[in-house]
There are 2 protein chains.
Amino acid sequence: MSRQVKPGYARALDIRRGRVDLSHGGGGRAMVQLIRELFARHLGNAYLEQGNDGTVLPPLPGRLVVTTDSHVVSPLFFPGGDIGCLAVHGTVNDLAVMGARPLWLTAGFILEEGFPLADLDRIAASMARACREAGVQLVAGDTKVVERGKGDGVFITTSGIGVVAESCTLSGAAARPGDAVLLSGTLGDHGMAIMSQRENLGFDTPIHSDTAALNGLTALMMQHADGAIRLMRDPTRGGLAATLNEIADQSGVGVLLDETMIPLRPEVEAACELLGLDPLNVANEGKLVAVCDAALAPTLVQRMRTHPLGREAARIGTVIADSHHFVQMQTRLGGRRMVDWLSGEQLPRIC
Amino acid sequence: MSRQVKPGYARALDIRRGRVDLSHGGGGRAMVQLIRELFARHLGNAYLEQGNDGTVLPPLPGRLVVTTDSHVVSPLFFPGGDIGCLAVHGTVNDLAVMGARPLWLTAGFILEEGFPLADLDRIAASMARACREAGVQLVAGDTKVVERGKGDGVFITTSGIGVVAESCTLSGAAARPGDAVLLSGTLGDHGMAIMSQRENLGFDTPIHSDTAALNGLTALMMQHADGAIRLMRDPTRGGLAATLNEIADQSGVGVLLDETMIPLRPEVEAACELLGLDPLNVANEGKLVAVCDAALAPTLVQRMRTHPLGREAARIGTVIADSHHFVQMQTRLGGRRMVDWLSGEQLPRIC
């Protein structure tokens, strides 16, 4: 990201009115200029300034945890966020729910020819803000450009590196019958924010994405209940239903949810009803599910509620023995229904 | 990549005739099936089988080096390779030229709706083969799908993690006047392979991409000349010209090349002449430039020639003092010309 250019050769980039063109991906002077005048202005730091093909990092105080996610959300800007902060949060959260402390990110940008530099600038600024807030640094980057009609504005693939204590044993396979299932807050906010924007639904109360970095909340939880937390997950694509089905399969257990305990914003519930969607299948970008020792659940929920991103935390269910590994829900009306993951696609390009 | 699915629910993926659809990116059953039956079949390993949001890795025996690259090469399949092996080689090489031992890769796939599963299968197989040959493992992955016309078949963003000895001091800023400039082999093979494929040029001798993992060659070089090598780089996008200009800027020196010493395949030279391209600007994907202590250059070139990827290694120039940081070339005819980097774009989507 920090490749240097001989000064004085090129006019300054016109960020206000300029557009991405193929030369910005060519490895020559135009690419260097884009990196220096747009990306590095927001995201520059001593790591990127090493300016070599790879970035050398300081020693890690623990075990390495790695993750990656490509982000193709459409629209790029939505109420509560944009693809830039989403790409940071998504990767930070995958590390956070592993019990890791997120440290470093890499980002690969695939830009479509003609994309406004002003939008790219907003996205880079949003990434930089999200990195600062989450306490992570971008340590390597790459930019490619594809012809008009061969991409869609911008795609961002972030990889994340974090460090986890030797003592941490969180695993999707660690849930046991009798454990409590906790949720950190309301369901479906991100998915319905995207959906209402895309369908041009003008609700009275606009729905905002919940996109946020969860590493502060997970650190608080780990600090107070390290040994008693079996696992954490962020229910993104596929929603809570997919996440709990994954956990049920990995741990070889069933899950029984209590519908009355699942926090839901009235406007999200209304939008889901209008569009015929089940909030359990809708994506979240700032929520986590935790499975923990039931004895510790009340204390852990109280702790979570002291954090801004856990104010509406609740125990929403229980892990049960079930050789079929089914996820079921006790409904408000008293019956039980199966909570399966979707076989098809409900909301394409949600993240 | 290893998310599990309840067995027996879905028909097997039709890899021979099937196509990517939006459900393959939805986080539900179809995505899990694609990952399990296509990606994991080729790329599966114990790391991916952890099946959590991040992958926990063993302790690193040295300093961490990180890099990332998005790959958007068009066409996806070309003489000598495809986007799959290229995505592995590109990232492995960025680590290798840092003097690092590449260990782990992550991969984010952005698929276009309608892309043939058979092609994706070929690409995954090619990535797996390239990983095996380079001795690296894919430790985390992600798959997204965009609508038809919003992507171009497949884009792959790879990040790489390697480890480098504490004693290694390679840096783009370390070249000094008097140092020798070495090149590991012929120039321009990758770029001209893509170009001749794209332009449907039927040369008598088909041009093959040089795409290859350089970590074997760099390890050999480091072993024999650790302290005397100032830096290594792989001249990809922008070619040798861009790479040497970067080095000249970073080190605050000039470079003088000797055209008669630069290895070039006759068919590449002919194709460049036909298309009016300068081989110094054309991308390579399996070559490296090294700057080293001139006293050591002859021995190092001999060593490089013992490796299959260094058989045509040569000393191609000298680092000189130059306050303008110019790269110049003594031509075959005896004159000197400037070797500048391109300001625009010569060959879009070369990698």
Any non-hydrogen side-chain atom of [X] less than 4.5 Å from a side-chain atom of [Y]?
{"X": "B:Gln250", "Y": "A:Asn52", "result": "yes"}
{"X": "A:Asp340", "Y": "B:Arg29", "result": "yes"}
{"X": "A:Trp341", "Y": "B:Val32", "result": "yes"}

Which bit of [X] is near chain B, if near means a heavy-atom gap under 4.5 Å: side chain, backbone, both or neither?
{"X": "A:Val146", "result": "both"}
{"X": "A:Leu60", "result": "side chain"}
{"X": "A:Leu64", "result": "both"}
{"X": "A:Asn93", "result": "neither"}
{"X": "A:Ile350", "result": "neither"}

Heavy-atom distance under 4.5 Å to chain A: side chain of [X], backbone, both or neither?
{"X": "B:Asp21", "result": "neither"}
{"X": "B:Val56", "result": "both"}
{"X": "B:Ile247", "result": "neither"}

Check: Of all of A:Thr55, A:Thr106, A:Thr67, A:Val164, which one pairs up most often with chain B through heavy atoms under 4.5 Å apart?
Finding: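 Answer, by heavy-atom pair count under 4.5 Å with chain B: A:Thr55.
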Next item on the list: Select, from A:Gly160, A:Gly62, A:Gly239, A:Ser159, the one with the greatest count of heavy-atom pairs under 4.5 Å involving chain B.
Entry: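 Result: the option with the highest number of such pairs is A:Ser159.
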Notebook entry, point to check: Of all heavy-atom pairs between B:Thr143 and A:Arg237, which one has the smallest distance, and what is that distance?
Noted result: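 It is O-NH1, 2.8 Å.
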Next item on the list: Please name the pair of heavy atoms, one in B:Thr157 and one in A:Gly108, separated by the smallest distance, quoted to 0.1 Å.
Entry: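 Minimum heavy-atom separation between B:Thr157 and A:Gly108: CG2-CA, 4.3 Å.
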Drop me the distance from [X]'s [atom1] to [Y]'s [atom2], to the nearest 0.5 angstrom.
{"X": "A:Ile161", "Y": "B:Ile161", "atom1": "CD1", "atom2": "CD1", "value": "4.0 Å"}
{"X": "B:His71", "Y": "A:Lys144", "atom1": "NE2", "atom2": "NZ", "value": "5.5 Å"}
{"X": "B:Thr236", "Y": "A:Asp53", "atom1": "OG1", "atom2": "CG", "value": "7.0 Å"}

Next item on the list: Among B:Ala242, B:Pro59, B:Gly149, single out the residue with the greatest number of heavy-atom pairs under 4.5 Å to chain A.
Entry: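 Winner by heavy-atom pair count: B:Gly149.
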Note to self: Taking A:Thr68's backbone N and O only, do any of them form a donor-acceptor pair with B:Asp142's side chain (distance below 3.5 Å, no angle check)?
What the structure shows: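 No; judged by distance alone, with no hydrogens or angles, the pair does not exist.
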Next item on the list: Verify, without hydrogens or angle tests, whether A:Asp94 (side chain) and B:Gly54 (backbone) share a donor-acceptor contact under 3.5 angstrom.
Entry: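 No: the side chain of A:Asp94 does not pair with the backbone of B:Gly54.
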